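Numbered from 1 within each chain, the chains take letters A, B, ... in sequence-line order. The figures that follow rest on heavy atoms only: side chains count, while hydrogens, waters and symmetry mates do not. Model, not experiment: these values are computed from the prediction.
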2 protein chains.
Amino acid sequence: MNKSPLVQCLGISAPAPSLQDNTADLDRLKRAVAAVLHDGGERRPLSVPCARVGPVAAAFRSAGFRGAVLVNMLPAGIEIVDFLPAMPPVLPAMALDLGTTHLEARLLDLRDGSTMAAGHTENRQIQYGADILSRIHFATRSRDQIERDGEDEGLLLLQKAVIASINDLAGELAAKAGRQPAEIRALSVSGNTTMVHLFLGLNPYHICREPYIPLVNAPDPCHAVELGLAIFPQAPVWMLPGIGSYFGGDLISGILVSGLDQAEATGMLIDVGTNAEVVLGNRDWLIACAGAAGPALEGGVARMGMRAAPGAIEHVAIDAATWRLDYQTIDNAPAAGICGSGMIDLVAALYLAGIIDIRGKFRVAPVPESTGHKHFLQQRLLREEGTTSFVVAPAEESADGRPVVLSQIDLDAVIRSKAAMYAILSTLTSQVGVEFEELERIYVAGAFGKHIDPRQAIILGMLPDLPLSTYVPIGNSSLRGAERILLSEECRRRSMEIGRKITYIELNVNQEFMIRFSGSRFIPHTDPKLFPSVPILKDDSGAGGA
Amino acid sequence: MNKSPLVQCLGISAPAPSLQDNTADLDRLKRAVAAVLHDGGERRPLSVPCARVGPVAAAFRSAGFRGAVLVNMLPAGIEIVDFLPAMPPVLPAMALDLGTTHLEARLLDLRDGSTMAAGHTENRQIQYGADILSRIHFATRSRDQIERDGEDEGLLLLQKAVIASINDLAGELAAKAGRQPAEIRALSVSGNTTMVHLFLGLNPYHICREPYIPLVNAPDPCHAVELGLAIFPQAPVWMLPGIGSYFGGDLISGILVSGLDQAEATGMLIDVGTNAEVVLGNRDWLIACAGAAGPALEGGVARMGMRAAPGAIEHVAIDAATWRLDYQTIDNAPAAGICGSGMIDLVAALYLAGIIDIRGKFRVAPVPESTGHKHFLQQRLLREEGTTSFVVAPAEESADGRPVVLSQIDLDAVIRSKAAMYAILSTLTSQVGVEFEELERIYVAGAFGKHIDPRQAIILGMLPDLPLSTYVPIGNSSLRGAERILLSEECRRRSMEIGRKITYIELNVNQEFMIRFSGSRFIPHTDPKLFPSVPILKDDSGAGGA
């Protein structure tokens with residue numbers, strides 16, 4: 001795979017000019033480069049960007065017409081961008097997962113694909129809006145608002161903020177690797193459609209308005225200098241193409257990494273962030289959709305919900321014999337909230353313990369003495385101001401001295417999210433007449449895939465009731481896809497091909513989805529036959545087993 | 001020929017986006033453009049420059065997804081650079097002859113090739129040096145010199161000066177045509193190799209140093225904005241490729257215009273400026289060389305020499321019966337000097353009148369009474385400070401009150417120039433074993449071709465003794481070539497092809513040339529059989545006829 005990086009360094013040697021061989025320096029260099037490339041079967045046209053003609057020709061001459069030439073391997077042609085007197089010891093390039101809240105990056109050596117450094121930073125756009133929608137609104141503020149605030153255009157501020165974040169990260173990674181940022185010779189970017197728009201300074205106004213049309217899905221590569229990036233000015237910036245407003249390059253990365261587009265057997269890819277994005281398909285066809293299924297599982301909606309960060313309750317277990325509740329926080333820090341995987345564990349466990357009924361409501365009836373230890377669990381239910389909450393971590397164990405609780409409102413949000421997720425998955429499979437049982441693999445991307453316990457998600461009725469081995473976490477596939485793009489021409493080609501091949505279904509207006517969503521609001525489902533492995537609790541019983 | 005301009009405007013219409021057709025705006029535009037281009041058999045890759053993605057997509061949307069798209073038809077791919085709500089009334093592009101002293105330009109409407117405006121201006125680089133060599137020296141001044149003078153780098157100053165001149169000219173032509181400079185959608189540039197280097201800000205140091213290697217012969221097209229040109233920022237700037245330090249894109253223009261590269265019969269192209277550049281060939285092969293043959297025919301060397309400008313004596317005739325000398329100045333202005341064609345007329349006439357001998361020396365022996373009127377001609381010979389001069393225009397007829405004279409020193413320079421020219425032509429034909437008599441056409445470019453009387457040049461032994469109909473003036477072929485480049489893909493392809501196909505002979509080190517040069521220093525030649533139509537004057541006779 002590492003044979004065809006986006007930027008390559010070719011050793012070349014040309015005869016010195018003479019009266020008998022008076023080809024111009026740059027044409028001589030091109031001739032030598034073309035000879036090397038032609039030997040490798042490469043026939044794309046060769047060019048030198050205007051700004052590099054002088055420096056490249058001068059370096060070629062001063063090196064005695066031999067050395068190492070740096071070429072950008074772009075789809076439409078090959079650009080000669082630098083000349084070095086000898087092969088460089090490393091060829092750094094940065095892969096970037098351009099997230100709405102965080103940027104995660106890896107510095108690779110393009111010669112062998114090895115990692116030189118890794119790091120992450122906050123997306124500085126956060127100061128202008130926490131989520132995608134608020135960023136879009138900030139980017140498209142009216143002229144009046146801008147004049148009143150006395151600020152630059154929102155779009156420009158957002159672009160500057162993300163470029164500054166990337167430049168920080170590039171500087172940090174370069175320093176870690178003992179290199180200069182100007183030695184970073186390529187950048188690949190995998191992000192959602194809005195983030196890519198803001199990165200390019202493109203107006204995202206229509207992204208969040210029906211019929212949800214991005215300005216561009218597959219931007220052509222450009223040079224770092226055009227975006228104000230403080231890396232090598234002619235470093236190619238390659239953005240993974242998106243498919244729609246709610247299906248960005250980060251998902252194409254997931255498809256690349258899972259290999260869904262190459263597999264003979266039909267598989268599925270699930271990525272849950274603010275939205276749930278799902279792809280179904282194989283090497284012959286791909287179908288995708290996205291829907292709001294995640295919010296309850298991240299910060300923002302559930303009162304105690306939070307991102308997977310130190311102090312987040314990421315796992316919850318209730319012992320079926322003792323009814324003891326145990327939880328685990330990230331980094332074992334005092335409990336500060338509950339992240340998505342913790343929320344799923346918690347609700348599934350409370351369902352099995354009979355604390356939550358099949359409609360997703362807390363049972364507030366008094367518990368008979370005979371249930372023994374379960375009494376203690378029941379005691380964690382609080383009734384305040386006409387609503388019920390469940391204490392997950394008492395005040396004395398929490399980070400801020402207030403108990404971490406799951407309220408009925410939070411619980412309703414979790415149920416909506418899990419129902420949406422199952423409805424999305426079942427709508428998508430139904431569209432192409434595929435049964436869940438036919439799926440060999442379901443890849444689960446991101447933090448969700450890394451932390452979630454598929455068994456608990458199945459109990460909730462969020463994921464289909466399949467053998468647990470079906471579910472394969474693939475980590476930060478957005479970043480991993482960006483890395484592959486840097487290293488492999490085949491992956492770059494596939495990323496474009498996937499963009500062209502995939503069929504995107506808009507769920508916002510899909511009737512079937514709405515019907516399936518309603519049917520999915522019970523635990524595990526209104527049709528329990530869909531979840532044979534999940535015990536069905538009788539409405540008047542508090543007992544159950546896993 | 002006008003079917004394939006460098007920039008084209010295509011009418012397109014795309015369906016409005018919907019939930020069922022959610023392609024992004026720019027991808028939608030590309031799809032529509034690709035459909036139109038594919039219909040025309042066009043398969044080059046399509047891209048949108050980074051800086052144009054936002055504006056083009058916004059214009060496409062606000063026009064209701066239909067209108068006119070502007071595309072740059074570059075060899076490696078097609079760039080979408082603008083979108084207009086309707087077909088524009090004109091599509092202006094500028095063709096530029098980038099001369100060392102003057103720029104000449106024409107504004108064409110790319111839709112039909114018609115001329116919208118024409119103009120010329122001085123090359124502002126003149127303030128830093130009158131000729132190519134002094135510019136190269138200024139461009140490559142030492143750091144010490146620059147620090148002492150407290151100026152920017154010479155190269156930068158020269159580039160700024162020529163860009164400013166071009167911007168002036170673009171502004172002037174646009175104003176003449178009633179358009180804005182930003183409406184100029186393309187620029188083609190035809191100039192000598194040094195001028196193209198300075199235009200691009202490229203170091204010309206090695207151009208004038210053996211083995212005379214330019215930094216680049218065939219620069220890739222770039223965008224106007226990259227060079228600071230004040231026309232449409234993404235206007236493609238297409239430079240005609242050169243072949244060597246002394247054979248630039250202006251000559252490729254000449255070949256294009258003469259059609260030498262397409263003719264079955266072998267022909268020749270002669271362009272005389274500061275250098276004489278000559279091409280010989282046909283559709284199968286082309287061979288070229290350049291040599292210093294022109295200086296005496298322009299300003300700079302001959303004391304009274306000047307460019308073809310108002311007041312320049314451009315034609316001289318001596319009546320064979322009365323020995324009266326008549327001259328004609330450009331614009332009938334008072335005589336200020338002698339331009340190239342006047343110089344050739346004058347020396348040829350003085351030779352036929354017996355005032356100059358076959359060695360190119362003034363005859364200073366007393367003229368016998370029997371020659372009658374010729375006495376008056378003889379009287380124009382002045383002897384001052386041990387050297388002889390011939391008064392062409394007496395003081396009372398001149399612009400500055402001093403007579404316009406031809407000195408022996410000037411005369412020697414003319415003889416050297418004419419000898420060099422004939423030696424260049426004969427060396428070149430000899431290299432490929434072609435006889436002058438085999439040439440069907442000899443195209444003579446530029447002011448030299450326009451003003452020169454081939455008969456007088458034959459008498460001098462400067463041009464071969466062929467039927468006068470062989471000689472075809474082709475005017476400012478540098479500008480005309482630049483025009484064709486704008487209008488025809490075929491011409492763009494040919495220009496690149498010519499650059500690759502042509503064989504360039506370096507005369508500076510050519511032994512045969514030196515021998516032929518010596519043999520050509522007589523009038524018409526040491527071997528008079530080469531000029532059967534030219535009367536041979538006996539060394540002791542002052543008589544002759546035309």
Side-chain angles (χ1 to χ4, degrees), chain A residues 16-30 44-51 53-54 57-58 61 74-79 155 193 197 200-203 206 210-223 226-227 237 241-245 499 504 506 508-510, chain B residues 16-30 44-51 53-54 57-58 61 74-79 155 193 197 200-203 206 210-223 226-227 237 241-245 499 504 506 508-510:
Chain A
S18 68
L19 287 166
Q20 287 67 47
D21 175 10
N22 63 354
T23 307
D25 293 348
L26 203 73
D27 304 277
R28 181 177 305 274
L29 176 61
K30 274 184 169 179
R44 277 174 279 189
L46 204 55
S47 68
V48 186
C50 185
V53 170
R61 180 173 272 271
L74 302 179
I78 296 172
E79 293 179 336
L155 181 55
T193 303
H197 274 59
L200 292 174
L202 301 177
N203 189 329
H206 293 282
E210 198 178 320
Y212 315 106
I213 306 298
L215 195 144
V216 63
N217 270 330
D220 295 303
C222 65
H223 287 155
E226 295 180 88
L227 297 171
V237 178
I243 298 161
S245 285
Y504 181 77
E506 188 59 66
N508 288 325
V509 289
N510 188 299
Chain B
S18 68
L19 286 166
Q20 286 69 47
D21 175 9
N22 62 354
T23 306
D25 293 347
L26 203 74
D27 303 278
R28 180 177 305 274
L29 175 61
K30 275 185 170 178
R44 277 174 279 188
L46 204 55
S47 68
V48 186
C50 186
V53 170
R61 179 174 272 271
L74 303 180
I78 296 172
E79 291 178 337
L155 181 55
T193 302
H197 275 58
L200 293 174
L202 301 178
N203 189 328
H206 293 282
E210 199 179 320
Y212 316 106
I213 305 298
L215 195 143
V216 63
N217 270 331
D220 296 302
C222 64
H223 288 154
E226 296 180 86
L227 296 171
V237 178
I243 296 158
S245 285
Y504 181 78
E506 187 57 67
N508 287 325
V509 291
N510 189 298

**Asked** With only heavy atoms counted, which part of B:Leu29 is less than 4.5 Å from chain A, the side chain, the backbone, both or neither?
**Response** neither
**Asked** Checking B:Arg44 against chain A: side chain, backbone, both or neither under 4.5 Å from a heavy atom?
**Response** neither
**Request:** Go through the atoms of B:Thr193 and report whether side chain, backbone, both or neither lie under 4.5 Å from a heavy atom of chain A.
**Result:** neither
**Fill in**
The interface call for B:Leu202 against chain A, heavy-atom contacts under 4.5 Å, is side chain
**Request:** Specify which of A:Leu227, A:Asn217, A:Leu26 makes the most heavy-atom pairs with chain B at under 4.5 Å.
**Result:** A:Asn217
**Request:** Pick one of side chain, backbone, both or neither for A:Ser47, based on which atoms fall under 4.5 Å of a heavy atom in chain B.
**Result:** both
**Asked** Side chain, backbone, both or neither: which part of A:Pro219 has an atom under 4.5 Å from a heavy atom of chain B?
**Response** neither
**Request:** Apply the test side-chain contact (heavy atoms from CB on, under 4.5 Å) to residues A:Asp220 and B:Lys30: give CA-CA distance (whole Å), side-chain angles for both, the deciding distance (0.1 Å), then the verdict.
**Result:** CA-CA 11 Å; A:Asp220 295 303; B:Lys30 275 185 170 178; 3.0 Å; yes
**Request:** Could you look at A:Asn203 and say if it's the side chain, the backbone, both or neither that has a heavy atom under 4.5 Å from chain B?
**Result:** neither
**Prompt:** Where does A:His206 contact chain B at under 4.5 Å (heavy atoms): side chain, backbone, both or neither?
**Reply:** side chain
**Prompt:** If you take all heavy atoms of A:Ile213 and B:Ser18, which pair is closest and at what distance?
**Reply:** CD1-O, 4.3 Å
**Request:** Return the set of residues passing side-chain contact (heavy atoms from CB on, under 4.5 Å) with A:Pro45 (not counting sequence neighbours), or none when no residue passes.
**Result:** B:Ala76
**Request:** Indicate yes or no: at least one non-hydrogen side-chain atom of A:Asp25 is less than 4.5 angstrom from one of B:Val216.
**Result:** no
**Complete:** chain A shares the most heavy-atom pairs under 4.5 Å, among B:Gly54, B:Cys222, B:Cys50, with B:Cys50
**Asked** side-chain contact (heavy atoms from CB on, under 4.5 Å) with B:Pro211: which of A:Asn22, A:Asp21, A:Leu19?
**Response** A:Leu19
**Message:** Given heavy-atom pairs under 4.5 angstrom as the criterion, report whether the side chain, backbone, both or neither of A:Thr23 touches chain B.
**Reply:** backbone
**Request:** Go through the atoms of A:Gln20 and report whether side chain, backbone, both or neither lie under 4.5 Å from a heavy atom of chain B.
**Result:** neither
